[in-house]
Amino acid sequence: MPLAMPLDKLTASQKKAVFHKEGPLLVLAGPGSGKTRVITCRIAALIDSGVRPGHICAITFTNKAAEEMRHRVDIVNSAGAFISTFHSLCVRILRRYAEQAGIRPNFSIYDANDQLRCMKEVVAASGVDSVNFSPLRMLEFVSRLKNNLEDAESFKAGAMDYFSKTAAKVYCAYQQNLSKNNALDFDDLLVKTALLLRNYTDVQNELSERFRYLLIDEYQDTNHAQYRIAHLLAQAHGNICVTGDPDQSIYRWRGADIGNILAFEKDWPNAVVVKLEENFRSTPNILEKADKLIAFNTRRKAKTLISTRPVGTEVRILNADDENAEAQILGCEIQKLLLAGKDASQIAVFYRVNSMSRPLEEAFIRARIPYQVVRGVEFYSRKEIQDMLSYLKLIVNPADDIAFLRAIGTHSRGIGKTSIDRLTDFARQEGLGLFNAACQVQRLETVSAATLTRFTEFVQMIQKFQKDAAGEVAPLMDCVFAESGLAGVLKKDGDADAIDNINALINAAAEYDQQTEEPTLLDYLQSVALYSDTDAYDPDAPRVSLMTLHSAKGLEFDSVFIIGLEDGILPHERSQANPEDIEEERRLFFVGITRARDELTITYARYRVLRGQFIRSVPSLFLYEIGFGGETSQFEEDRGGQSQQPDEFSDQTELQIDGFQVNEPVIHPKFGSGRVKEFHNLGPDSIVVVQFSSGKVKSLMVKCANLARAGQ
DNA sequence: CATAGCCGCCTTTTT
DNA sequence: GGCGGCTATG
């Protein structure tokens, strides 16, 4: 049996899904019920029953989930099975069938920044009112149309009112701009694939042949384009297995449609439906809160979560004066857990928006709590990384003007704005991309001979890189870093951080080279473009994880903290106008709650700095819904926004903290006796570093650690 | 042509 | 509060 996990431990319903033979299968299942495990086992079971791995295509929500799944399914036996995200699948398909899709295979993938640049050009050039038709709003609008598979031309044809007509013009121009740059945005990856499958029956047939078994996890978060792709792929054989939980749909704002999973039985009349109602993850105390909360949503099929575990500890709700106090409480609570021997990798903190990680990081640094902020894209958005990548993008796709502009401007090389403007004008007149225009720069009479030489040098450098671009990526990167002048500039500025980051990038590329059968620069760049926040999450690192509620999807931890349960944060203020948006916020909180195995702690602050302003905040409606309120008068007062009575935490922060002397002998309830090595007087936050007789050195928050003076 | 400093803008979640 | 773009100056 090619399985990394034992099949005999599956429940009867899980087995039914795993060993389902042919035809459509819907696995409707709550959190912690083993959905992903069912998919994983099903892949293995299919292979075991004689299906060739190459005929299997499993689609996960994130790269990380795919990676995990590839490891769980026996690697040797499943080699050839395609396990990846929708977007990666689309990149593969589009590269393979580029001609039919009407693109070139070396296309760039534009991220949000590139899209914005591209859209800004369009809006500026088309002379539309840039307030009502701001680039950001236009991008949002275009994205919505694309998610519904409305292409620019047909939208233009149907546009009647002024707004639609103008937006249609912008949409068309934006698509032309992308195409001129030989670039696709995230949405295009899906749209082009869906259209390719729809318009080319032979391609559709070939791919159905290739992928005879289609499995899709987290189906509740598919958008219309993904839905169409799935149907077009599975139409011929009907071997489509999807799993999902409508209560965990949290990407409506991005076009995800719960309707896709709710209508599965209509779409596939012979579908077998398996429901998994047991929850193997969380304690009944935690599930009860989740249950209570989600019952407030009206657009759902009611279901109850049945825990298979003993009752467990009560869910705690804590409050703090402001975001710093909140962070400090978390530092304190987490330090207690760590001191009690809890593994840091089993602790996580979730928040609604990324900016909320900052106070936590500061508090954790002070308390010396090891942590990881799960924000992978942050690394790739750094200036020096983007600079480096811009050269690589230009090497692969010289038509990419955005890459050209970035690469030529990474550092001063005697080509300024004026020269660039002249080149741009020249390129436009000749109908060329900037790189091609630069290749013919001799014809450009408006610039000086010196500038001309510099342009030529740049072009020749890129052309040299292009000659060396075949094969492994890391060596090329080394060469580009050194020869582009980037290394010299960073060294001259003494920017050690930037150099470290570039080295980290090169190391990551070396890893890519090792792990990929046929590494190419194109493939590397396209996978980097699809890199996501959660890809940076290291589940085994002995560090507390900090992440957004969205990133928490699909993960689980022993101890979970969810912070900022305040009106305007969760639910977010931008969701409050629309009841459907509020329901999504509720589902988001539901996802957060149900990540916890043993312990759940929820916090809110009475004041918070928002957009630079210190404002009074009101505890979230959701807290009331999960049953807090009646029990604590503090909560009622905070909801009403009136009294200012000190609570247990303000009491605590007013505690007198004793100073410790260096070398003073102390006793800790767990670590035993030791001597103080350092004392940092930070008032209530004071930190003491102790060398214990066991040899361990620990830094502790005085108010948490329960240190006793040896003599007492 | 390069750089520094200032002003004004936006500010949810992500593939 | 942070970043991008613009301007003024060297």
Side-chain angles (χ1 to χ4, degrees), chain A residues 59-66 84-91 109-113 115-117 120 124 130-131 134-137 139-140 143 146-147 184-191 193 218 221-223 225-226 249-256 350-359 374-378 380-383 409 411-422 447-448 450-451 454 489 493 526-535 547-553 564 568-576 581 584-585 587-589 591-592 609-614:
Chain A
I59 296 174
T60 56
F61 195 73
T62 62
N63 299 313
K64 198 80 193 175
S84 201
T85 62
F86 258 112
H87 284 82
S88 302
L89 173 67
C90 291
V91 167
I109 299 173
Y110 276 4
D111 66 12
N113 274 330
Q115 285 177 50
L116 194 59
R117 261 166 224 277
K120 271 183 184 163
S130 67
V131 177
S134 77
L136 226 52
R137 279 183 70 181
L139 275 179
E140 217 171 278
S143 175
K146 285 185 181 179
N147 282 332
L184 304 184
D185 64 19
F186 286 125
D187 298 322
D188 283 339
L189 295 175
L190 302 173
V191 173
T193 306
E218 309 278 16
D221 275 319
T222 48
N223 65 23
Q226 291 166 328
S249 169
I250 54 175
Y251 285 95
R252 206 177 78 94
W253 53 274
R254 200 173 86 182
F350 306 147
Y351 36 78
R352 179 64 178 81
V353 297
N354 280 302
S355 61
M356 291 168 76
S357 72
R358 181 164 289 231
V374 179
R375 190 106 216 264
V377 291
E378 204 169 48
Y380 284 93
S381 63
R382 304 187 79 98
K383 183 187 177 298
H411 56 277
S412 40
R413 48 164 56 88
I415 300 172
K417 193 179 176 302
T418 329
S419 303
I420 294 288
D421 283 347
R422 288 185 181 142
V447 298
S448 68
T451 312
R454 293 184 189 123
V489 172
D493 295 349
Q526 292 181 340
S527 60
V528 162
L530 298 179
Y531 192 82
S532 73
D533 275 347
T534 41
D535 293 337
M547 69 186 86
T548 62
L549 284 157
H550 283 89
S551 297
K553 178 184 174 120
I569 295 194
L570 186 63
H572 195 271
E573 57 177 338
R574 304 262 287 234
S575 310
Q576 280 173 347
D581 288 342
E584 175 141 315
E585 296 286 305
R587 290 193 294 268
L588 190 56
F589 187 30
V591 166
V609 176
L610 267 173
R611 284 178 226 111
Q613 276 199 318
F614 197 63

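So that the names make sense, note that chain A is the first sequence line, chain B the second, and so on, each numbered from 1.
Between A/Asp581 and A/Arg574 there is no salt bridge, since none of the side-chain N atoms of the basic residue sits less than 4.0 Å from a carboxylate O of the acidic one.
Rounded to whole Å, the P atom of B/dT13 lies 16 Å from the corresponding atom of C/dG4.
In this structure, the nucleotide among B/dT15, B/dC1, B/dA2 sitting nearest to the side chain of A/Ser412 is B/dA2.
Distance CG (A/Asp188) to C1' (B/dT15): 13 Å, rounded to an integer number of Å. Computed from coordinates, the A/Asn63 CG to B/dT15 P distance equals 8 Å when rounded to whole Å. If you take CG of A/Asp535 and C1' of B/dT15, they are 10 Å apart, rounded to a whole angstrom. With rounding to whole Å, A/Arg252 atom CZ is found 17 Å from B/dT14 atom P. Following rounding to the nearest Å, A/Ile109 (CD1) and B/dT14 (P) show an atom-to-atom distance of 19 Å. Per the geometry, OH belonging to A/Tyr380 stands 17 Å off P belonging to B/dT14, to the nearest Å. For the pair A/Glu378 CD and C/dG2 P, the computed distance is 12 Å after rounding to whole Å. The CG atom of A/Leu139 sits 17 Å away from the P atom of B/dT14 (whole-angstrom rounding).
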Identify each atom pair where a protein N or O and an N or O of nucleotides 5-12 of chain B are less than 3.5 Å apart, giving names and distance.
{"residue": "B/dT12", "atom": "OP2", "partner": "A/Arg574", "partner atom": "NH1", "Å": "2.7"}
{"residue": "B/dT12", "atom": "O4'", "partner": "A/His572", "partner atom": "NE2", "Å": "3.3"}
{"residue": "B/dT12", "atom": "O2", "partner": "A/Arg352", "partner atom": "NH1", "Å": "2.9"}
{"residue": "B/dT12", "atom": "O2", "partner": "A/Arg352", "partner atom": "NH2", "Å": "2.1"}

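At a threshold of 4.5 Å between non-hydrogen side-chain atoms, the residues A/His572 and A/Val353 count as touching. Inter-residue side-chain proximity for A/Tyr351 and A/Ile569 is flagged as unmet; no heavy-atom pair is nearer than 4.5 Å.
Between A/Gln226 and A/Asp221, the closest heavy-atom pair is OE1-O, 3.9 Å.
Of the possible donor and acceptor atoms, one in the side chain of A/Thr60 sits under 3.5 Å from a partner among the backbone N and O of A/Thr62. Without hydrogens or angle criteria, A/Arg587 side chain to A/Ser249 main chain gives a donor-acceptor distance under 3.5 Å.
No contact: A/Ser355 has no heavy atom under 4.0 Å from any strand. Within 4.0 Å of A/Phe86, counting heavy atoms only, lies no atom of the nucleic acid at all. Note on A/Leu588: nothing from the nucleic acid sits closer than 4.0 angstrom, heavy atoms only. Residue-level contact check: A/Thr418 touches the backbone only, with heavy atoms under 4.0 Å from sugar-phosphate atoms and none from bases. Looking at heavy-atom distances under 4.0 Å, A/Arg413 makes contact with sugar-phosphate atoms alone, never a base. A/Asp533 comes within contact range of the sugar-phosphate backbone alone, with a heavy-atom separation under 4.0 Å but no base atom that close.
Ring planes of A/His87 and A/Phe186: perpendicular class, angle over 60° (limits at 30 and 60°). Between A/Tyr380 and A/Tyr531, the ring planes are tilted. Angles from 30° to 60° get that label.
A/Thr548 has no side-chain polar atom (N or O) that falls below the 4.0 Å cut-off from OP1 or OP2 of B/dT13. For the OP1/OP2 pair of B/dC1 and a distance below 4.0 Å, the side-chain nitrogens and oxygens of A/Ser419 include at least one atom meeting the criterion.
Within 6.0 Å of CZ on A/Arg117 lie no more than 12 heavy atoms contributed by other residues, nucleotides or ligands.
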Original post:
Using a cut-off of 4.0 Å between protein heavy atoms and nucleotide atoms, how would you tag nucleotides 3-10 of chain C 5' to 3' with B, S and -?
Top reply: --S-----

Subject >> Check against ring pair (Phe, Tyr, Trp, His ring centres under 6.0 Å), A/Tyr251 and A/Phe61 >> reply: CA-CA 11 Å; A/Tyr251 285 95; A/Phe61 195 73; 5.1 Å; yes

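Comparing A/Tyr251 and A/His411 by the nucleotide of DNA chain B that holds the closest heavy atom to each, the one mapping nearer the 5' end is A/His411.
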